[in-house]
Number of protein chains: 2
Amino acid sequence: MNIRELARRSGVSTATVSRALNDRAEVSEATRERIRRLASELGYAPNEPARTLVRRRSDTIGLIWDSGQEAQGLHNPFLLGLLSAVRTALSEADYHLMLLTTPAADDPDASYLQAVRRHNLEGVIVLTTPPDDRCLRVLAASDVPCAGIDTAFTGPHTVRVSSDNAAGAEAAVEHLHTLGHRRIATITGPLHLPPAAERLAGYRRACERLGLAVPEEYVVEGDFFLDSGQRAGDRLLALGEPPTAIFAAGDQMAIGAMHAAADLNLSVPRDLAVVGFDDIDAAALVRPSLSTVAQDQRALGEAAVAALRGLLDGPDLTPRSERTVSATPRIVPTRLLVRGSSRPGA
Amino acid sequence: MNIRELARRSGVSTATVSRALNDRAEVSEATRERIRRLASELGYAPNEPARTLVRRRSDTIGLIWDSGQEAQGLHNPFLLGLLSAVRTALSEADYHLMLLTTPAADDPDASYLQAVRRHNLEGVIVLTTPPDDRCLRVLAASDVPCAGIDTAFTGPHTVRVSSDNAAGAEAAVEHLHTLGHRRIATITGPLHLPPAAERLAGYRRACERLGLAVPEEYVVEGDFFLDSGQRAGDRLLALGEPPTAIFAAGDQMAIGAMHAAADLNLSVPRDLAVVGFDDIDAAALVRPSLSTVAQDQRALGEAAVAALRGLLDGPDLTPRSERTVSATPRIVPTRLLVRGSSRPGA
DNA sequence: CTGTTAGCGCTTTCAA
DNA sequence: TTGAAAGCGCTAACAG
């Protein structure tokens, strides 16, 4: 079943069928309707590769997510929500989605950029901060429109979307302050990662604003994983003047800190309040349940898609300030979820 | 940069370039090498849509995962590993991957099958058990090769890959028995879902083999989520003769059961041992850490891809028994992870 | 409003 | 071993 066959059966030319099915204005309503019905009846679907070939556009976006294994434990649960959000937003905008594979190291020609060219992809969305990736840098430096979520990469046709990490951290600290806490420590992620640095900055800003002292020992760097959180917790609680509350830049570390407290027979939240970041699945499963700063995965996905579309539709036709895109924030707000680990009554 | 340009610069015809780049035998080694080098230098990459159009095959597989929101909480962490495994296995077999979107309800013509036809997809991999989906059934009934992971759907060109749920459950029960437990209860998933039913069957078989009595009250049905596990735990522990061990068919329910024990001031694993199923992230984060039956996501992904490829390569050329596919098990073994919730010393 | 026609970039006969 | 030429299914000028 192809367009020629459909044209034959409708008694019109292929051009008319094409016009009818593509909603071109020049077709009479009657013919369009007739062709539509027949197409639906016969189960006709246009051949996309053929369309792509002639139109020189594929309506397809590439998706890159996490190259190595490194980040696996880190962003896992978060990632799936993001993936889902991106997929939904993209399909609502009538784009197709192609999953790009990490290029094999043994094939020098394989690269994200190659894949984009081969498939006529119109843009790429990049999820998570990948380990320093050469292929990704080549892509970012190219003329391919890219939108990165929570990813530090820049290029001429590149946008970055991320949660408002600083504001999220601030909100967490403020929440703890409101609860009466005055000695609030933090466990950070690896500070070379932007989100980790931003969350620390938010913590500092909040403390400053609230007039809280931040002794040097109150800032401990972790690696986002459980054990580092527990070790940091051990250290903090062993201080001469231990904190009464901890803000951890990641949920796994927050849970680790709760374990540290438990090992000292301290009760959470009575003796130590804890707030994490990310709202991973486990946050709602542990006991006490973990208060956390949730990222809005849907909003992130939508913002990324909106930003990418802005890059796609006539990059230079309208003045920057007038583009719809700019209305969509590249910084997505977070939401504080108060649960047992910081709820006085719990 | 296209094949014509490359041909011109190499001083040969496009046909020769095509043959050289596609490893056809009829090209002299010298020309092939020369063309290869030039192609690499010029950064030439063949246009896939054009190839697809003429070859009538796309080397592309579609991926369907979770239609509704329902399953969201359920299989989440598991899914991402699966996705990753499928992506890797597919790219090793030189297939591209297209993410399919749940068809919009308001467009009667949109369907998975349509998408497959439009893009010339050669097969589809389906992840997770979706809610009773009409579109999916249409697809399964078609001539499109499909491989489902943990999904109950059948059709003429369909294979199903799943973990050995029964054996996994058996192993869990046996483990508890070895620890000295004789009163072992179970919390099941919704029994209309195959994995849930299979896990229950494994539990029963193990009990029978080990000579353990299974009073009717020892089997409680849950919904795979936390709360149902806690409620089931409450009920089991309130029995006149409460179990000393619980096998839950899902980790969230297992964690719920641990909460129930904690609320009664029972110690896990001393007063109650618990084993779950799936090895979600939280299993390693809760305290005590949760023993569980882990599914091998990589193996599942690889098995699905292998099975699908078996369907693709000459479905009827070789007798069934001789196909390479049949060497790859459609049932993937699980692995028991013993952690704190069932470790005597813990 | 509709039809005719010329390709899009590639692979694949068929001839040489 | 190579080249010339046809055509995959579709869209987009250009005519009518």
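So you know, we letter chains A, B, ... as the sequences are listed, proteins then strands, and number each from 1. In this text, all values refer to a predicted model and were calculated from it rather than measured experimentally.
- Backbone-only engagement by B:Arg24 is indicated by non-hydrogen atom pairs under 4.0 Å involving sugar-phosphate atoms exclusively.
- For the pair A:Arg117 CZ and C:dG9 P, the interatomic distance rounds to 14 Å; values are reported in whole Å.
- Judged by distance alone, with hydrogens and angles left aside, the side-chain atoms of A:Arg24 form no donor-acceptor pair with the main-chain N or O of A:Ser18 at under 3.5 Å.
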Short N/O separations, protein against nucleotides 1-5 of chain C, under 3.5 angstrom:
unit_1 : atom_1 : unit_2  : atom_2 : d
C:dT2  : OP1    : A:Thr31 : OG1    : 3.2
C:dT2  : OP2    : A:Ser28 : N      : 3.1
C:dT2  : OP2    : A:Thr31 : OG1    : 3.0
C:dG3  : OP2    : A:Ser13 : N      : 2.9
C:dG3  : OP2    : A:Ser13 : OG     : 3.2
C:dG3  : OP2    : A:Thr16 : OG1    : 2.6
C:dG3  : N7     : A:Arg19 : NH2    : 2.7
C:dG3  : O6     : A:Arg19 : NH1    : 3.0
C:dG3  : O6     : A:Arg19 : NH2    : 3.4

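- Regarding B:Asn22, its CG atom lies at a distance of 17 Å from the P atom of C:dG9, rounded to whole Å.
- The distance between atom CG of B:Leu53 and atom P of C:dG7, rounded to the nearest whole Å, is 17 Å.
- A salt bridge links B:Asp59 with B:Arg57: the closest approach of a Lys/Arg side-chain nitrogen to an acidic carboxylate oxygen falls below 4.0 angstrom.
- Here the straight-line distance linking atom CG of A:Leu100 with atom NE2 of A:His119 works out to 7.0 Å at 0.5 Å rounding.
- Here the C1' atom of nucleotide D:dC8 and the CE atom of A:Met1 are 16 Å apart, to the nearest Å.
- Per the geometry, CG belonging to B:Asn120 stands 10 Å off C1' belonging to D:dG9, to the nearest Å.
- What separates CG of B:Asp59 from C1' of C:dT11 is a distance of 13 Å, to the nearest Å.
- The pair A:Glu5-A:Arg9 meets the salt-bridge criterion, since a charged nitrogen lies less than 4.0 angstrom from a carboxylate oxygen.
- The distance between atom CG of A:Asn2 and atom P of D:dT11, rounded to the nearest whole Å, is 12 Å.
- Residue A:Thr102 holds its OG1 atom at 4.0 Å from OH of A:Tyr112, rounded to the nearest 0.5 Å.
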(request) Run the numbers on A:Thr60 and B:Met98 for side-chain contact (heavy atoms from CB on, under 4.5 Å), then give the verdict. (result) CA-CA 10 Å; A:Thr60 303; B:Met98 175 150 261; 4.2 Å; yes
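- Residues from residues 36-51 of chain A placing a heavy atom under 4.0 Å of any atom in DNA chain C do not occur.
- Taking 4.0 Å as the cut-off between side-chain N and carboxylate O, B:Arg37 and B:Glu41 do not count as a salt-bridged pair.
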(message) Set out, in order, the CA-CA distance, both residues' side-chain angles and the distance that settles side chain to side chain donor-acceptor pair (under 3.5 Å) for A:Arg55 and A:Asn22, then state yes or no.
(response) CA-CA 12 Å; A:Arg55 300 193 321 152; A:Asn22 286 296; 5.7 Å; no
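- One interatomic measurement links the two molecules: CZ of B:Arg118 to P of D:dT11, which rounds to 10 Å at whole-angstrom precision.
- Taking 4.0 Å as the cut-off between side-chain N and carboxylate O, B:Asp23 and B:Arg19 do not count as a salt-bridged pair.
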